[in-house]
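Below: the structure, in structure tokens.
Numbers here simply count residues along the sequence, with the first being 1. In what follows, every heavy atom counts, from backbone to side chain, and hydrogens, waters and symmetry copies are set aside.
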Amino acid sequence: MSKIVFSALVTALLAAALVWLSTYLKLPFWYCLLSSALFFAAPQSNLIGLVITLFTALLGILFGAIYLQISPYIPNFAYQMEVIVAVVVFLLFIITQTNYLKYFACSLITLSLLVLQNGNWVVICQTVVVGIVFGFIAKMISLLITGKSLN
């Protein structure tokens, strides 16, 4: 069996374990899988990448909570939702361009997850952390199997 096929098999088994764990913990497993994929797309595949991914994910959740808190207080006007989302995404993009939080897509996805979950930040935080940690484990094992180096 080639290293790539073996790596894919191990990653698939870890994804199945993640689905089982998230179901056991009563967390939305699709959100866990999506969060796991966030680490696979992270700019760095090491412990620093894990920390960056976790912080930018939590930043997105924070911005989602802010969005959900302020949107009812903004008076209705034409294109209200578009303007609010544009401002939130603009601010989030600016903040995620720092050296330590340079992972905009991660924060935007977790912001969206929080809004989709109607602001249940406890569930989303748990889901995102479990998913990202599983993604980290899966990617590390995959890199070890294929013999690639961490970046």
Side-chain angles (χ1 to χ4, degrees), residues 1-73 81 84-85 87-89 91-151:
M1 180 180 329
S2 76
K3 288 180 179 182
I4 297 295
V5 172
F6 184 59
S7 178
L9 179 62
V10 169
T11 302
L13 290 173
L14 285 171
L18 176 59
V19 170
W20 174 85
L21 178 65
S22 61
T23 304
Y24 178 77
L25 295 173
K26 297 182 180 12
L27 299 172
F29 72 87
W30 286 113
Y31 293 0
C32 283
L33 279 175
L34 181 59
S35 299
S36 176
L38 289 174
F39 188 78
F40 270 84
Q44 295 181 18
S45 299
N46 51 27
L47 283 174
I48 293 171
L50 175 63
V51 171
I52 289 171
T53 305
L54 285 170
F55 276 126
T56 54
L58 295 175
L59 181 68
I61 293 169
L62 174 66
F63 266 71
I66 291 169
Y67 164 79
L68 290 170
Q69 290 297 314
I70 66 169
S71 60
Y73 298 107
M81 187 68 64
I84 295 169
V85 169
V87 169
V88 169
V89 169
L91 292 172
L92 193 58
F93 184 85
I94 294 294
I95 291 171
T96 58
Q97 295 311 299
T98 64
N99 287 337
Y100 301 108
L101 296 173
K102 204 169 192 119
Y103 192 15
F104 172 69
C106 178
S107 55
L108 189 59
I109 288 169
T110 57
L111 181 152
S112 302
L113 289 177
L114 183 70
V115 173
L116 285 171
Q117 193 65 27
N118 295 320
N120 192 344
W121 64 270
V122 173
V123 168
I124 293 301
C125 284
Q126 292 169 343
T127 300
V128 165
V129 169
V130 167
I132 289 172
V133 169
F134 256 79
F136 172 76
I137 293 166
K139 192 164 185 182
M140 292 302 105
I141 292 172
S142 176
L143 291 173
L144 287 172
I145 290 170
T146 58
K148 295 181 181 174
S149 65
L150 303 175
N151 56 351

Determine all donor-acceptor pairs shorter than 3.5 Å in which one atom belongs to a side chain in residues 30-42; sequence neighbours excluded.
{"residue": "Ser35", "atom": "OG", "partner": "Tyr31", "partner atom": "O", "Å": "2.9"}
{"residue": "Ser36", "atom": "OG", "partner": "Gly135", "partner atom": "N", "Å": "3.4"}

**OP:** Apply the test side chain to side chain contact (heavy atoms under 4.5 Å, CB included) to residues Phe93 and Leu108: give CA-CA distance (whole Å), side-chain angles for both, the deciding distance (0.1 Å), then the verdict.
**Re:** CA-CA 9 Å; Phe93 184 85; Leu108 189 59; over 6 Å; no
Could you go through residues 51-60 and list every donor-acceptor pair under 3.5 Å that involves a side-chain atom there, pairing it with any protein atom two or more places apart or in another chain?
{"residue": "Thr53", "atom": "OG1", "partner": "Gly49", "partner atom": "O", "Å": "2.7"}
{"residue": "Thr56", "atom": "OG1", "partner": "Ile52", "partner atom": "O", "Å": "2.9"}
{"residue": "Thr56", "atom": "OG1", "partner": "Thr53", "partner atom": "O", "Å": "3.2"}

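- Here the shortest heavy-atom pairing between Gln117 and Val123 reads NE2-CG1, 4.4 Å.
- For the atom pair CG of Leu50 and NZ of Lys139, the computed distance is 11.5 Å after rounding to the nearest 0.5 Å.
- Contact annotation: the side chain of Phe63 never approaches that of Thr110 to less than 4.5 Å [non-hydrogen atoms, C-beta and beyond].
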Original post:
Could you go step by step and tell me if Phe136 and Leu47 meet the side chain to side chain contact (heavy atoms under 4.5 Å, CB included) rule?
Top reply: CA-CA 9 Å; Phe136 172 76; Leu47 283 174; 3.6 Å; yes
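- Between Lys102 and Pro43, the closest side-chain pair of non-hydrogen atoms is not below 4.5 Å.
- Within a 6.0 Å sphere centred on CD1 of Ile48, heavy atoms belonging to other residues, nucleotides or ligands number 12 at most.
- Separation of atoms OH (Tyr103) and OG1 (Thr96) is listed at 11.5 Å; rounding is to 0.5 Å.
- A distance of 9.0 Å separates CG in Leu27 from CD1 in Ile124, rounded to the nearest 0.5 Å.
- Counted within 6.0 Å of CD on Gln69, heavy atoms from surrounding residues, nucleotides or ligands total 12 or fewer; the atom is thus considered open.
- Separation of atoms CG (Leu91) and OH (Tyr67) is listed at 14.0 Å; rounding is to 0.5 Å.
- Rounding to the nearest 0.5 Å gives a distance of 7.5 Å between CG of Leu14 and CD1 of Ile137.
- Interatomic distance, CG of Leu114 versus CH2 of Trp121, reported as 10.0 Å (0.5 Å rounding).
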Subject >> side chain to side chain contact (heavy atoms under 4.5 Å, CB included) between Leu113 and Thr127, intermediate numbers included >> reply: CA-CA 10 Å; Leu113 289 177; Thr127 300; 5.8 Å; no
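- Within the structure, the side-chain hydrogen bond (donor to acceptor under 3.5 Å, both in side chains) test picks out the following pairs touching residues 5-24 (sequence neighbours left out): Ser7-Ser142.
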